[in-house]
Amino acid sequence: MVSKRSRLDFEDKETLAEDASKIMKQPLSKLAKKSCGSHEVEENGSVFVRLLKASGLTLKTGDNQNQLGVDQIIFQRKLFQALRKHPSYPKVIEEFVNGLESYTEDIDSLRNCLLSCERLQDEEARCGEESRDGISMPRLIISQLKWLDRIVDSKDLTTQMMQLISVAPVNLQHDFITSLPEILGDSQHANVGKELSELLVQNTSLTVPILDVFSSLRLDPNFLSEIRQLVMGKLSSVRLEDLPVIVKFILHSVTDSTSLEVIAELREKLNVQHFTLPSRIQASQSKLKSKGLASSSGNQENSDKDCIVLLFDVIKSAIRYEKTISEAWIKAIERIQSAAEHKALDVAMLLIIYGTSTQTKKGVERLLRNKIQSDCIQEQLLDSTFSTHCLVLKDICPSILLLAQTLFHSQDQRIILFGSLLCKYAFKFFDTYCQQEVVGALVTHVCSGNEAEVDAALDVLLELIVLNASAMRLNAAFIKGILDYLENMSPQQIRKIFCILSTLAFSQQPGTSNHIQDDMHLVIRKQLSSTVFKYKLIGIIGAVTMAGIMAEDRTMPSNSTQRSASVSSEQHTQVTSLLQLVHSCTEHSPWASSLYYDEFANLIQERKLAPKTLEWVAQTIFNDFQDAFVVDFCAVPEGDFPFPVKALYGLEECNTQDGIVINLLPLFFQEFAKDVSQVTSQESSQKSMSPLCLASHFRLLRLCVARQHNGNLDEIDALLDCPLFLPDLEPGEKLESMSAKDRSLMCSLTFLTFNWFREVVNAFCQQTSPEMKGKVLSRLKDLVELQEILEKYLAVIPDYVPPFTSVDLDTLDVIPRSNSAVAAKSRHKGKTGGKKQKADSSTASCTDTLLTEDTSECDVAPSGKSQVDKESTGKEGKTFVSLQNYRAFFRELDIEVFSILHSGLVTKFILDTEMHTEATEVVQLGPAELLFLLEDLSQKLENRLTPSFTKRVCFFKNKGSRNIGFSHLHQRSVQDIVHCVVQLLTPMCNHLENIHNFFQCLGAENLSVNDKARVTAQEHYTMSSCYQKLLQVFHALLAWKGFTHQSNHRLLRSALEVLASRLKQTEEGQPLEELLSQSFSYLQNLQHSIPSFQCGLYLLRLLMALLEKSAVPTQKKEKLASLAKQLLCRAWPHGDKEKNPTFNDHLHDLLCIYLEHTDNVLKAIEEITGVGVPELVNAPKDASSSTFPTLTRHTFVIFFRVMMAELEKTVKGLQAGTATDSQQVHEEKLLYWNMAVRDFSILINLMKVFDSYPVLHVCLKYGRRFVEAFLKQCMPLLDFSFRKHRDDVLSLLQTLQLNTRLLHHLCGHSKIHQDTRLTKHVPLLKKSLELLVCRVKAMLVLNNCREAFWLGTLKNRDLQGEEIISQHPSSPENTSEDSEDGMTSYVSRNRAIEVSAQADLALALSILLSILC
């Protein structure tokens, strides 16, 4: 009691004084004094006694009665004032109470006297709940009412319980409410539920126990629905600790019919992110906790985390045991269309469902793929998901990694990227154990052997090192195991692996273990010493990558300058030693040396090396190159050469004293003349610098110089215009008389010269001086000339294997293909014996020469010859050569080379010996040079911007052939490439407009015949090819899927601004839709100058790519359809006709575009079949339709297939009619179906004229699909249209009946001819026809016309209507029943007048299928 009384406030002093006066009136025997003196009056001098005496109360000793000298009210007032005005107030209150305690004998009496004090009443109420031994009497009483065998009056008990709940304290209310299901019977559940719902509205603090009780009561579903709506309305404002119980009630009250609606509303209002602290607040809280200043906030945070975990445990439990809830949640998320409407909770729930419910894994995977492909789930949303729900997602980490593994197997790069992001954020937000699991899973993907999977996993590991290097070092042992799987990886993957390991090895703090460094050094030395080139390649790449990490120019600590310098010197020594080791292991092998130079060049281009290391490398490379390949102009080549040696391809007249020459022929002839056994060996005992390394060595040299001098190449500018020691490469008439060895020699020299000039153009393309630009354009012209020379050589030596130019594991065991089979017949076996093989092998300097294939699409790339020339070449027995098949043997052009497209007229100054201007020459980019650049740019964009799974890959192409020749390109990001191409749009638009004007002038009517004659076929073909390549480049850029990402919108706007500005000046901040419209108009103006069919198709595709990005594409669709029709109705040159293998594919695409974008597909089909096809039938054999010149007998199959497919697609997309639709809607749909059936009838009847297998196959395939669409979409319409439009319905069915009869004849035809390609479609078609019979009968029954349906027998006939004798019915009765057209149907005339005048359609269909075999 002491502690409780000590808590009395000063507000209770007045009550205390009053109660003290009552106590003092009692006899002294009831007061216990510590000491009894001999005096009658108490005189101990305590504060208690003095204050009472001053207020009028005198305390007596012994059995004497205390004396109150004033009135009780006055005593109370005086005592209160004395306490209030005491100098030691409020401390005096405690002293007064202590004095009162010393005189207290009976504590219970004192407590009873003080009950009028409000504060004491509260204390007593709380103490009254539990006795001193910890037993709560109310709870004990309630427990006795549970599980009674018999209740006399359950209704009265319910009333009393509810009354008790209404007056009980809050904590007892919770106990009473939760005990109701165990006390009351089932008959009272409804009444209790009603009263509890009222209590729920009145007192929100009782929400949790009431909802908990509702789950245990038998209540009406409608009542639960009302409660659920009530609770759902308060969901956004409830406390976090109440949320788990509320969500549990909502999920348990869900039914199959309401699940989707409830889950959708719950998803909308459940905002868990509201209860979580932002990351910066959490960081500050952690700092405060470390200082001991945020204990209370830390406890609150832990409590919130526990509540969130409990909430999702409730959700996971519902998902695990209720399939309806998981499916409803998936459907609710699936219905969301906009990316802005998706929340972090949606992604978290999909991951939870995937990890909890095994039955819905496939559904979650499908939904995630759709959302990723539609860009609804982006990286920012995924980041928010993991940061908000990391506590919950951590428990399902294995399932998340399993999902990532599944997504890695996709062919869509966006889906693979999402899988990699799952691993990345799991590593970022989860604990150490989960991080170890993530790294282990990524290592498994790296070692899987799947190329896309390996690349994605390696990219994630590289990002994780940047994200958290210290955590990655803890898992270095797992990553180190990848070194055992390097053999089957591509060079780019090997680079990434060594980059990862080198970063982990050399980013450790000084003094830590360097076991990773030791292992890497062991692996690299072992691979470098191998005699197998594949392993040596791994060693070279690993050594160069590790050297780059070691020598990278990074900021050193500033605390000790001397120590930093010593560390830098030590690193420099290690790097130089490692590079010298690589050089010594590769100097005897041209292959290895070339790879080493290229790999080192890539390293210098990507990383910034320390100045000291870069200077050493540059000086070494410069000296080696000068000693090996450069000689003075006055030097006389020594050797017995089969051809005269000249200094060719010099851009200036060299002085005999200071001029330099590339010593190509003498160096190459030394290797060419060696014995085969020496040449084919990869290693040689003597050190030599092979001319095969010329281009790669020069690339390394110019990158070192550019890095040292900030891009300035004046130090080596003499290599741009210096000549080469070569024979005259132009074969002329002597080509046929050359020996096989001489041809191989000349062809190899041409290849080496060609690659040298490509690297020279790579090096000097960005130099700004006009003199340099003019020389680069001259070198570009040299490349075009050499390209034509190469075609001449390769045409006569089709088995020739060129010298390698770059080393890549993807090119192993692949040979270049010849494009003509005539060459095999025209070659003489005697000339292709051992000598030829010897020459070829000597050319390559190795038996395992790197070879490649053409990886372009099926269209024939222009190579400087017209189509007519190529065809005539084939007829003469020569091999048609496409240089695209030799792409792996050409040095790759850098993306910076295309800055040459900016060049206009360049004035080139020719200087005399005294450096004075002797003459000027104007150089410009010609059509041939433009075509050369555009071909390469088009291939690059196709490789990087077009998804690989959408490309057509020929059967014989190997796995890695697609990326051959693009190794440098793949080391740059896609965004970087797109940015470079956007910068080129302005010059490309200039070239496009110039070509457009050229063809417009060529097609002008007022142009004279002489002017037209001056335009040769070669010039026309070159300009047309440039036109096509420009459109291809524009299409590849604007069709890039990456523009849908928010981060790339700026690039899209920049590209559109360039196109729109060609019409009029654009304004700052112009809307994207307006830019799209102006760009569309600009490109649409090009339609009047289309020179070829392919150009027209690419222009259409380009316009479609723009429409895909528009919010209102329907406004421009009709313009696309009009342009497509113009292309179909135009007569194209002979080269674009059906004999071209790509023309059919292009025609198919063009016809699909026309029918997809026209406003009336049925009308368009009817126009082609009603106008174009009759013209074709009546035309001569090799003629075409006059209205549609592209429609010939060769292309009829394409037209027929596309029209049947589009017709089936159109009717399938038509909505089925319903009885509630208006009369006008019924009539419109019925009219539409009449047109569709009429078109179908025309198309089906064409198989009588064109009865080839492709046409019959299309009839069987799409005929069945049309019948199925008619059953699903049209028959419901006929059910309720039969009475009001019976004539139209009967006409429709009669027309369809004739078509189904033809389909039946086609089934018999395929069976008689035993064509398995056709008969496999017959069973499904017969099934559909049988369903149609039953469905027509059901329609007649529905309309009270059942007796009008009866069956007969239909004969089997062929396509021409002739009866198939082998299946003639044996019964004469059946024969007599057959009508003239092979079908018997009879309808009562009276009944037919009432309901259907032509109901024999249904009978015909039934008879048709009743006799099918």
Practice task
Dump the intermediate steps for side-chain hydrogen bond (donor to acceptor under 3.5 Å, both in side chains) on Y1154 and Q1126, then the final yes or no.
Solution key: CA-CA 10 Å; Y1154 170 56; Q1126 291 178 20; over 6 Å; no
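- Taking the six-membered ring where the residue is Trp, F889 and Y886 present tilted rings, their angle falling between 30° and 60°.
- By the 4.5 Å heavy-atom criterion applied to side chains, T986 and R1062 are counted as neighbours.
- Counting all heavy atoms, side chain and backbone alike, V761 lies closest to L783 at CG2-CD1, 4.0 Å.
- At least one donor-acceptor pair closer than 3.5 Å links the side chain of N762 to the backbone N or O of E892.
- Within a 6.0 Å radius of NE2 in H1148, other residues, nucleotides and ligands contribute more than 12 heavy atoms.
- Y1027 and S1092 form no side-chain donor-acceptor contact under 3.5 Å, judged by distance and modelled atom types alone.
- Proximity of K773 to Q767: side-chain heavy atoms (C-beta onward) are nowhere separated by under 4.5 Å.
- With no hydrogens or angles considered, a side-chain donor-acceptor pair links H970 and N943 at under 3.5 Å.
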Exercise for the section: Under the side-chain contact (heavy atoms from CB on, under 4.5 Å) rule, what do S967 and Q492 come out as? Steps first, then yes or no, please. Expected result: CA-CA 8 Å; S967 58; Q492 183 65 16; over 6 Å; no
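- Figure legend: cation-pi geometry between R887 and F890 absent, as NZ or CZ is not positioned both under 6.0 Å from the six-membered ring centre and within 45° of its axis.
- Closest of all the heavy-atom pairs between V982 and A1055 is CG1-N, 4.0 Å.
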Exercise for the section: In sequence, state the C-alpha distance, the side-chain angles, and the governing distance for K1064 and E1057, and then conclude on salt bridge (Lys or Arg N to Asp or Glu O under 4.0 Å). Expected result: CA-CA 10 Å; K1064 64 178 183 178; E1057 286 175 351; over 6 Å; no
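- Distance alone, capped at 3.5 Å, is enough to place a donor-acceptor pair between the Y793 side chain and the L729 backbone.
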Problem - ring pair (Phe, Tyr, Trp, His ring centres under 6.0 Å) between F999 and H1020, intermediate numbers included - result: CA-CA 9 Å; F999 284 109; H1020 186 281; 5.2 Å; yes
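- Put simply, the side chain of V760 does not reach to within 4.5 Å of the side chain of L719, judged on heavy atoms.
- Taking the six-membered ring for Trp and thresholds of 30 and 60 degrees, F1093 and F1143 have ring planes inclined between 30 and 60 degrees apart.
- At a threshold of 4.5 Å between non-hydrogen side-chain atoms, the residues Q1084 and K1116 do not count as touching.
- Proximity of C980 to D976: side-chain heavy atoms (C-beta onward) are separated by under 4.5 Å at one or more points.
- The environment of R1130 atom CZ is dense: over 12 non-hydrogen atoms of other residues, nucleotides or ligands sit within 6.0 angstrom.
- Residues L1056 and L1106 have side chains in contact (heavy-atom distance under 4.5 Å, counting atoms from C-beta outward).
- Inspection of the R699 and Q605 side chains reveals an N or O donor paired with an N or O acceptor under 3.5 Å.
- Taking the side chain as every heavy atom from C-beta outward, W1040 and F1043 approach each other to under 4.5 Å.
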Handout entry: CA sep, side-chain torsions, deciding dist, call: K1041, D412, salt bridge (Lys or Arg N to Asp or Glu O under 4.0 Å)
Key = CA-CA 11 Å; K1041 299 299 183 181; D412 193 336; over 6 Å; no
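- Taking 4.5 Å as the limit, every side-chain heavy atom of L930 sits out of range of all side-chain heavy atoms of T1022.
- Using a 4.0 Å cut-off between charged nitrogen and carboxylate oxygen, E759 and R891 count as a salt-bridge pair.
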Practice task
Take D1149 and R1101 through the salt bridge (Lys or Arg N to Asp or Glu O under 4.0 Å) test and state the conclusion after the steps.
Solution key: CA-CA 9 Å; D1149 296 342; R1101 291 173 176 173; 2.7 Å; yes
